[in-house]
Amino acid sequence: MHIDRDIKLDFKDVLIRPKRSALPSRAEVDITREFLFKHSGKRYRGVPVIAANMDTVGSFDMARALAPYGLSTALHKHYRDEELAAFFKALRPKLKASAFYSLGITKADLDKFKRVMQRAGDAVHYVCIDVANGYSETFVKFVAEFRRAWPGLTLMAGNVVTGEMTEELILAGVDIVKVGIGPGSVCTTRVMTGVGYPQLSAVIECADAAHGLGGRICADGGCTSPGDVAKAFGGGADFVMLGGMLAGHDESAGEIVEQDGGRFKRFYGMSSRTAMEKYTGGVAQYRASEGKEVLVPYRGPVSETVQGILGGLRSACTYVGARTLKELTKRTTFVRVSMESNELFGEN
């Protein structure tokens with residue numbers, strides 16, 4: 001047993017200290033990023049925010065809605081082969097941003113991916129290999145074999161929360177390491193297992209490790225407001241993945257539920273009992289549910305939410321004098337706080 005006594009931080013534990021700025025307007029801030037990925041050799045340009053690969057978020061409709069803003073979507077893995085192939089074939093002429101094909105590490109996942117690739121030809125460019133525990137040898141081996149089989153695909157994989165595992169995944173062939181264990185709004189991993197890591201510290205440490213090897217990271221989970229997105233980028237994240245912040249919209253899959261005079265949409269974690277009953281016949285005897293289901297107030301089209309997120313990010317940049325999103329990390333100084341906001345009249 002070992003105790004790490006260094007302080008670890010979540011987004012709520014800090015604020016970004018303002019600095020002198022010569023920017024005349026938020027409109028002057030460029031929040032796009034350009035990357036040349038280490039292993040695929042492919043170039044990316046866009047606003048590096050990604051809708052999470054949850055079936056109530058990472059939908060075809062979400063991808064189409066986010067594309068005009070330059071945002072990306074990690075599609076959930078439960079679409080049928082022919083649906084995925086048709087979407088990706090139509091992607092290149094119609095959408096301006098990237099969409100990730102998502103898969104796990106089972107033989108069935110890999111077989112399905114091969115079938116979709118046969119149907120879609122060279123239309124798939126981004127892949128997300130997603131598991132809850134990115135520390136297993138089986139996962140690392142799968143990633144390395146996948147990279148050897150498809151050297152030209154840009155590969156995102158995770159989840160992990162430590163620098164050494166980030167380095168191992170990049171050396172195994174990952175372009176973007178997905179960072180986060182337990183911070184999501186409908187994730188109960190920390191409660192059920194006692195395992196996790198404060199998300200801001202995970203981002204800072206994993207970004208430092210990844211950038212030293214020429215890799216990238218995606219901060220996955222824990223953002224509850226546009227300010228949290230800014231903090232993630234300020235901490236060194238190259239991409240930020242959002243789930244709960246994009247739930248409850250027209251483009252989020254699922255029917256509107258009317259209850260107690262209000263309108264809601266269902267949102268649940270992909271390791272929840274709801275998801276496992278929907279896709280795998282229930283919770284296996286050897287495991288426990290590590291997610292929950294909630295009803296999110298219906299919020300209409302996602303466009304207003306996106307504008308709020310991007311507007312908040314631009315404003316954060318103006319407060320520290322960052323003309324580009326790339327400069328935000330260099331201009332960020334975090335200050336620890338005991339209270340992030342005044343909640344006299346409730347949460348925003």
Side-chain angles (χ1 to χ4, degrees), residues 11 14-51 66-72 74 96-98 100 125-126 154-156 158 163 166-167 170 174-180 199-220 222-223 225-242 306-335:
F11 296 129
V14 302
L15 290 170
I16 298 172
R17 190 177 74 187
K19 294 181 178 178
R20 185 181 182 280
S21 173
L23 286 167
S25 167
R26 295 173 179 85
E28 299 293 318
V29 177
D30 180 3
I31 56 172
T32 61
R33 289 295 309 269
E34 293 188 20
F35 300 118
L36 175 65
F37 293 115
K38 176 180 177 68
H39 296 288
S40 72
K42 300 296 174 57
R43 292 188 177 276
Y44 162 92
R45 177 177 171 80
V47 178
V49 173
I50 306 173
L66 297 185
Y69 299 93
L71 277 63
S72 303
K96 300 177 182 178
S98 56
F100 289 77
H125 299 284
Y126 296 85
T154 298
L155 180 58
M156 177 166 63
T166 297
E167 292 170 344
I170 291 172
V174 175
D175 294 297
I176 310 164
V177 176
K178 200 144 72 77
V179 174
Q199 183 68 345
L200 178 58
S201 287
V203 167
I204 292 170
E205 294 172 27
C206 293
D208 182 62
H211 296 164
L213 292 175
R216 302 292 169 184
I217 71 158
C218 175
D220 176 19
C223 290
S225 65
D228 290 343
V229 177
K231 292 174 189 178
F233 283 122
D238 303 292
F239 294 85
V240 175
M241 180 171 279
L242 302 178
V306 171
Q307 289 175 0
I309 293 169
L310 302 187
L313 187 55
R314 289 190 183 94
S315 188
C317 290
T318 64
Y319 271 106
V320 297
R323 290 186 175 275
T324 66
L325 184 58
K326 182 179 181 180
E327 293 178 13
L328 180 58
T329 302
K330 298 176 182 178
R331 301 283 297 174
T332 292
T333 299
F334 288 118
V335 292

Could you list the residues that satisfy side-chain contact (heavy atoms from CB on, under 4.5 Å) with [X], not counting sequence neighbours?
X	value
H125	R92
S21	L23
E34	R45
L200	L9, F11, V14, I204, F334

Worksheet item: Can you pull the side chain to side chain donor-acceptor pair (under 3.5 Å) pairs that have at least one residue in residues 207-217, sequence neighbours excluded?
Response: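 Passing the test, one end in residues 207-217: H211-D238, R216-D238.
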
Practice prompt. Tell me, please, which residues at least two apart from Y126 pass ring-ring contact (aromatic ring centres under 6.0 Å, His included).
Written response: F100

Discussion item. For F37, give me all partners under ring-ring contact (aromatic ring centres under 6.0 Å, His included), at least two apart in sequence or on another chain.
Written reply: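 F37: no ring-ring contact (aromatic ring centres under 6.0 Å, His included) contacts found.
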
Worksheet item: What residues, two or more places apart in sequence or in another chain, satisfy side chain to side chain donor-acceptor pair (under 3.5 Å) together with S40?
Response: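 Side chain to side chain donor-acceptor pair (under 3.5 Å) check on S40 returns T154.
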
Discussion item. Suppose we screen for side chain to side chain donor-acceptor pair (under 3.5 Å). Which residues come up paired with K19, at least two apart in sequence or across chains?
Written reply: T333

Worksheet, complete the sentence: salt bridge (Lys or Arg N to Asp or Glu O under 4.0 Å) filter on E205, not counting sequence neighbours, yields K8

Below 3.5 Å, can you tabulate the donor-acceptor pairs from side chains in residues 316-323 to any protein atom, sequence neighbours excluded?
residue: T318; atom: OG1; partner: S315; partner atom: O; Å: 2.6

Worksheet entry | Qualifying salt bridge (charged side-chain N to carboxylate O under 4.0 Å, His left out) pairs, either residue in residues 21-31, two or more places apart | none

Worksheet item: I217 and side chain to side chain contact (heavy atoms under 4.5 Å, CB included): which partner among I176, I170, V179, V240?
Response: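 Answer to the side chain to side chain contact (heavy atoms under 4.5 Å, CB included) test with I217 among I176, I170, V179, V240: V179.
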
